[in-house]
Amino acid sequence: MSYDVVILGLGYVGLPLAQQAIRAGMSVLGFDVDVDESVVLSLAEGRSHVDDLSGTDVEKMLAGGFQPTTDETLIGQARTAVICVPTPLAEGDGPDLRAVLGATSAIGRNLRPGMLVVLESTTYPGTTDDEVRPRLEQLSGLTAGIDFHLAFSPERIDPGNAVYGAHNTPKVVGGYTPKCTDRAEAFYGRFVETVVRTRSTREAETAKLLENTYRHVNIALVNEMARFCHELDIDLWDVIRAAATKPFGFQAFYPGPGVGGHCIPIDPNYLSHNVRSKLGYPFRFVELAQEINTTMPAYVARRAQNLLNADGQAVRGATVLLLGITYKADIADQRESPAAPLARQLAALGATVAYHDPHVTTWDLDGVPVSRTDDLTGATAAADLVILVQNHREYDPDELARTAKTLLRHPRRDHDPRGPSVVIRPFRSGAGPLPLLRRRAVRFSRPFPVRGGRSPTATIPSRGAPRTPRVVPPARHRRAEIGGRARTLAGPARRPWPKGTTRSSPAGAARSEPRTELAVRYGTGWLRLGAFHRVPEKGLQAKVQRELSR
Ligand SMILES: NC(=O)c1ccc[n+]([C@@H]2O[C@H](COP(=O)([O-])OP(=O)(O)OC[C@H]3O[C@@H](n4cnc5c(N)ncnc54)[C@H](O)[C@@H]3O)[C@@H](O)[C@H]2O)c1
């Protein structure tokens with residue numbers, strides 16, 4: 001046989017696998033069936049279409065003997081065939097197996113005795129034995145486990161992960177027979193450090209779905225916590241940081257604007273669909289997680305609406321700039337990205353949506369192109385609201401916070417100490433920011449009654465705060481709210497304010513000094529009280545009460 005392995009499907013999974021095999025000294029054939037052959041042609045010319053490989057990597061692969069092709073008859077010249085084709089969702093949320101069955105048929109028509117066939121595409125338990133095997137046997141006249149070997153090995157690739165790649169992420173393999181598992185273990189053992197055997201194909205298939213369901217469910221858990229922590233004025237990021245110090249029994253997950261990519265929002269559905277169709281009852285965790293995660297873009301749009309509202313601005317007519325529209329940071333893959341439903345929601349509310357993303361040159365929503373900008377600083381300063389959707393490494397949140405009028409930041413770069421979810425809003429009046437005003441936020445230690453029938457709990461109590469309004473030291477023009485808790489960003493050092501008064505400037509300072517803008521936290525937004533040179537503290541509560549009662 002001329003090739004050690006043929007890889008069917010040269011995408012995000014197949015191409016890195018081909019690279020690993022070439023590096024291990026194998027001869028590799030790459031088979032793809034894209035209609036206009038663009039994938040195969042561009043690879044043959046040394047161009048890459050996936051994030052983790054550069055054009056230089058592809059050139060090295062070609063130099064190492066990699067042969068991309070659309071000619072299926074060459075498959076019969078390979079000792080091993082690995083299927084890495086897509087498994088999108090079909091109607092009714094089950095997997096669409098057309099690509100898997102198409103690739104299986106291409107192998108079946110060219111299968112030779114002694115070959116090993118491995119399915120890597122993510123799918124529901126039973127696919128390898130019940131769908132792939134009969135088709136291979138029928139088309140080839142050969143018998144699995146006797147004439148050829150068959151196994152499932154889930155792909156665990158994490159695009160953009162600089163630490164764990166194909167060679168050092170343990171590979172799970174489960175064969176149709178123990179001998180099939182032996183063959184698969186020997187094949188992967190040539191270029192993967194650790195190979196983990198399962199009892200059969202079904203355990204390997206289910207292991208992949210358990211991994212992704214675990215992630216999906218835990219992301220949903222923190223996303224739900226993010227909502228109520230915001231309402232309760234609890235800093236969830238601080239909560240997670242504290243919980244993550246437990247050396248056992250806890251793994252940190254972080255909230256975000258939703259889940260994306262091909263795996264997390266989709267794969268758990270295979271399992272729940274499988275459970276429901278075979279056993280007749282729901283897999284409730286998956287369904288609940290799905291419900292929470294898919295509503296996150298709408299939640300973020302609502303937070304955006306509240307922020308604009310707090311500035312006295314409607315979403316309709318506002319310019320909203322989305323930063324990073326891919327499904328995760330530092331990659332170009334936009335599949336299932338929550339940026340799309342978020343942009344749809346904002347557009348439906350009447351916002352003018354634009355985006356900046358160093359990895360994405362064009363973006364359209366339902367066929368309508370979204371306006372793109374290259375000028376990050378200019379667009380950030382000009383937009384009414386900036387939403388940091390994906391924290392690409394090109395973005396500096398602190399710099400964005402300084403430039404943007406209003407910034408809503410959700411995602412956190414893993415291991416980024418700057419990480420917490422930050423909502424930053426300068427106080428604005430009319431059309432523009434008020435750069436000369438210093439501003440303070442007042443908090444009350446406990447709710448107090450207000451006229452006009454509004455809930456006394458409209459103000460958020462600050463745990464441990466004094467009973468009288470507490471004055472947060474002045475920030476220059478920006479204020480950060482971390483998980484609902486106030487934090488001064490770039491302000492002068494705290495001044496010793498004379499007891500009983502809140503002042504914009506030290507005692508005796510001239511009236512020409514910057515004034516202080518006062519606002520009170522109200523529900524999820526802020527109520528602006530106005531700009532003052534000097535406000536006696538005892539008059540402050542009355543003023544807040546008056547404002548809340550209006
Ligand atoms: N992308 C990931 O991060 C990731 C991670 C783990 C698992 N997976 C799983 O791996 C599988 C492949 O995903 P991907 O991201 O590489 O998909 P992809 O869309 O990037 O690439 C798939 C390639 O397969 C080709 N193809 C389609 N039908 C074919 C056929 N019949 N024969 C040969 N080639 C065919 C397509 O033209 C495409 O080039 C999916 O089941 C996915 O769930 C993906």
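When a ligand or atom number is given, it counts from 1 through the structure's own listing order.
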Could you pull out every protein residue that has a heavy atom closer than 4.0 Å to ligand 1, ordered by chain and then number? Gly9, Leu10, Gly11, Tyr12, Val13, Phe31, Asp32, Val33, Asp34, Cys84, Val85, Pro86, Thr87, Ala99, Gly102, Ala103, Ser121, Thr122, Glu155, Ile157, Pro159, Lys208, His262, Cys263, Arg335
Residues passing the ring-ring contact (aromatic ring centres under 6.0 Å, His included) test with Phe148, sequence neighbours excluded, are none
ring-ring contact (aromatic ring centres under 6.0 Å, His included) filter on His359, not counting sequence neighbours, yields His392
Tested for side chain to side chain donor-acceptor pair (under 3.5 Å) against Glu205, the lone hit among Thr122, Thr198, Thr128 is Thr128
For residues 181-196, which residue pairs pass the side chain to side chain donor-acceptor pair (under 3.5 Å) check, not counting sequence neighbours? Glu120-Tyr188, Asp182-Arg197, Glu185-Arg197
Say whether Arg23 and Gln20, considering side chains only, have a donor N or O and an acceptor N or O under 3.5 Å apart. yes
Using a 4.5 Å cut-off on heavy atoms from C-beta on, say whether the side chain of Arg227 contacts that of Thr295. yes
